[in-house]
Amino acid sequence: MAHIVIMGAGIGGMPAAYEMRATLAAEHRITVVSAVDYFQFTPSNPWLAVGWRDRKSITLPIAPLLEKKAIAFIPQAVTAIDAAANRLTLKDGATLDYDYLVITTGPKLVFDEVPGSGPHGGHTHSVCTVDHAEQFFKDYEEFLKAPGPVIIGAMPFASCFGPAYEFAFILDTDLRRRKIRHKVPITFVTSEPYIGHLGLGGVGDSKGMLESELRAHDMKWITNAKTTKVEAGKMFVTQLDDSGAVFKEHEVPFKMAMMLPAFKGVDAVAAVPNLCNPRGFVLIDEYQRSKAYKNIFSAGVCVAIPPVEATPVPTGAPKTGYMIETMISAIVHNIADELNGSTAATKATWNAICLADFGDTGAAFVALPQIPPRNVNWFKKGKWVHLAKIAFEKYFMRKMKNGTPEPIYEKYVLKALGIVRLIR
């Protein structure tokens with residue numbers, strides 16, 4: 001009998017637990033450990049931040065969901081990992097031994113790399129967590145009484161730019177519906193070298209399309225933006241040119257700001273010798289397994305993926321939903337194979353597929369593979385994407401409630417996009 005411990009209970013961790021339970025023999029124990037006791041559907045946070053969703057509609061209590069599947073749950077943060085002894089130390093001082101460890105923690109949000117930023121004592125907001133999105137909406141309700149300039153974008157070392165674009169257009173849509181958009185100048189400030197880079201070197205005509213969308217929605221932008229500090233009502237941005245030299249210094253005024261922060265690996269994971277790169281992301285082989293510890297696997301935002309290309313301001317590569325789904329399936333199959341006496345043989349499909357909501361329309365992109373040159377390099381816009389994103393949210397939440405292990409992207413999203421045969 002083996003004990004598999006999963007760190008993290010988000011979009012990677014919960015499906016990992018369900019798929020692991022459905023795949024492994026009942027004799028094997030599965031335990032999920034999470035710093036919070038609820039599942040949150042992170043892609044809906046931009047909607048929550050403008051009041052289009054509430055907390056209850058995009059969160060679920062974890063314990064009863066896992067209990068129905070005979071999966072143990074410990075609602076505590078992990079403070080230390082002793083990889084040599086196969087043991088975790090929890091926040092209350094208790095320890096938990098494992099035979100296999102699956103790390104799906106997501107990132108540590110590093111607001112302190114830019115002084116004055118962040119929702120915890122700083123001057124900017126985030127939509128990276130449900131708590132942060134709720135705080136934005138609380139302040140947004142006051143902002144609406146006396147509107148002013150808004151900044152939206154991403155800091156240096158951010159590695160997921162889609163939510164910033166989504167939020168810019170969602171906020172624009174909400175303000176137009178309230179008939180006060182004319183009172184709110186919006187500036188998009190991003191570490192990307194150009195609009196539509198997305199941490200992927202662009203996908204299809206993402207540059208031209210997103211620039212056109214920003215113009216059509218009366219938004220200005222600053223690219224190659226190295227945000228250096230934030231003060232109350234003012235953001236300081238050094239804009240670089242393509243060679244990395246200083247091009248222009250900006251002091252951008254704002255009344256509200258939502259900036260995606262830099263990402264790092266969580267402290268307990270980053271502290272394990274030889275497990276991570278200097279930013280704390282887990283170094284894995286082609287089977288999602290740690291290069292240093294053969295019984296540790298990892299998936300999602302917390303894994304180390306090199307940038308698609310060097311950029312003047314550091315940007316990371318995103319880990320999209322389809323990529324995370326295939327990482328999880330690979331881990332489950334590889335652990336199952338090892339428990340059955342075989343060797344790990346399943347590899348994840350590192351392709352980028354994303355549905356980005358723009359409030360009343362949206363954009364979908366497909367990059368196969370993620371790193372150029374690509375077999376498929378596709379970017380399209382339409383109201384159908386907005387509707388598809390809503391359907392995806394409803395389906396995923398139902399999947400979490402029911403404990404369904406089926407792969408949503410392979411079964412539904414790819415078929416809807418009509419590209420399954422291109423991947424296979």
Side-chain angles (χ1 to χ4, degrees), residues 1-10 12-17 19-21 23-24 28-36 71-110 159 263-306 316 319 324 327-348:
M1 181 185 75
H3 185 202
I4 298 92
V5 174
I6 300 169
M7 277 182 64
M14 289 292 281
E19 191 171 347
M20 200 80 72
R21 184 72 288 164
T23 303
L24 301 185
H28 300 298
R29 294 169 55 209
I30 301 170
T31 300
V32 174
V33 182
S34 172
V36 297
I71 300 169
F73 176 57
I74 301 175
Q76 286 196 57
V78 173
T79 58
I81 303 172
D82 187 340
N86 300 330
R87 181 172 295 130
L88 306 180
T89 300
L90 307 178
K91 187 176 181 179
D92 67 357
T95 59
L96 181 67
D97 292 342
Y98 61 84
D99 295 296
Y100 288 94
L101 177 63
V102 180
I103 300 173
T104 60
T105 57
K108 175 183 178 180
L109 307 176
V110 194
S159 62
F263 287 0
K264 276 187 172 181
V266 301
D267 292 343
V269 175
V272 179
N274 304 314
L275 180 64
C276 301
N277 70 8
R279 295 287 295 180
F281 296 112
V282 181
L283 297 165
I284 55 173
D285 64 15
E286 57 189 340
Y287 306 110
Q288 300 299 132
R289 181 173 48 197
S290 163
K291 294 182 177 181
Y293 307 97
K294 298 306 180 184
N295 63 339
I296 297 180
F297 292 78
S298 187
V301 180
C302 55
V303 303
I305 296 180
K319 291 89 172 182
I324 294 172
M327 289 181 186
I328 292 301
S329 290
I331 291 171
V332 171
H333 285 94
N334 288 331
I335 290 177
D337 285 343
E338 290 194 4
L339 291 174
N340 291 328
S342 302
T343 57
T346 306
K347 302 177 184 178

Of the non-hydrogen atoms in K291 and K294, which two are nearest, and what is the gap between them?
O-NZ, 3.9 Å
Could you check whether any side-chain heavy atom of L101 comes within less than 4.5 Å of a side-chain heavy atom of N295, counting everything from C-beta outward?
no
Does K319 make a cation-pi contact with F263 (under 6.0 Å, within 45 degrees of the axis)?
no
Mind listing the closest non-hydrogen atom pair of A270 and G265 along with its distance?
CB-O, 4.2 Å
Output yes when a side-chain donor or acceptor of N340 lies under 3.5 Å from a complementary backbone atom of S342, and no otherwise.
no
Say whether, by atom type as modelled, one donor and one acceptor occur between the side chain of Q288 and the main chain of S298 under 3.5 angstrom.
yes
On a heavy-atom basis, which atom in C302 and which in G106 lie closest, and how many Å separate them?
CB-O, 3.6 Å
Exam field: side chain T346 to backbone N334, donor-acceptor pair closer than 3.5 Å
no
Quick check: does any side chain N or O of N274 sit under 3.5 Å from a backbone N or O of A292, one acting as donor and the other as acceptor?
no
Could you tell me if the side chain of I4 sits less than 4.5 Å from the side chain of F297, heavy atoms only?
no
OH on Y100 to CZ on R289, rounded to 0.5 Å
9.0 Å
Test your reading of the model: is there a side-chain donor-acceptor pair from E19 to the backbone of V332, 3.5 Å cut-off?
no
Looking only at atom types and distance, does a side-chain atom of N86 sit under 3.5 Å from a main-chain N or O of D99, one as donor and one as acceptor?
no
Test side chain to side chain contact (heavy atoms under 4.5 Å, CB included) on Y98 and I296 and set out the steps.
CA-CA 10 Å; Y98 61 84; I296 297 180; 3.9 Å; yes
Check for a donor-acceptor pair, side chain of D82 on one end and backbone N or O of L88 on the other, with a separation under 3.5 Å.
no
Between I324 and G300 the two heavy atoms that sit nearest each other are CG1-CA, 3.7 Å
Quick one, I71 and T31 - any side-chain contact, counting heavy atoms below 4.5 Å?
no
Side chain H3, main chain D97, donor-acceptor under 3.5 Å:
yes
Atom CG in L24, atom CE in M1: separation rounded to 0.5 Å?
12.5 Å
Give the minimum heavy-atom separation between S34 and A9, together with the two atoms involved.
CB-CB, 3.8 Å
Rounded to the nearest 0.5 Å, what separation is found between the CG atom of D267 and the OG1 atom of T105?
10.5 Å
What distance separates L283 CG from L275 CG, expressed to the nearest 0.5 Å?
7.5 Å
For A299 and I331 the tightest heavy-atom approach is CB-CD1, 3.7 Å
I'd like to know if the side chain of T104 reaches the main chain of M7, judged simply by a donor and an acceptor atom lying under 3.5 Å from each other, with no hydrogens or angles considered.
yes
Note, M20 side chain near V102 side chain (heavy atom, < 4.5 Å):
yes
Once you round to the nearest 0.5 Å, how far does OG1 of T23 lie from CG of L339?
11.0 Å
To the nearest 0.5 Å, what is the distance between CD1 on I30 and CZ on R21?
4.0 Å
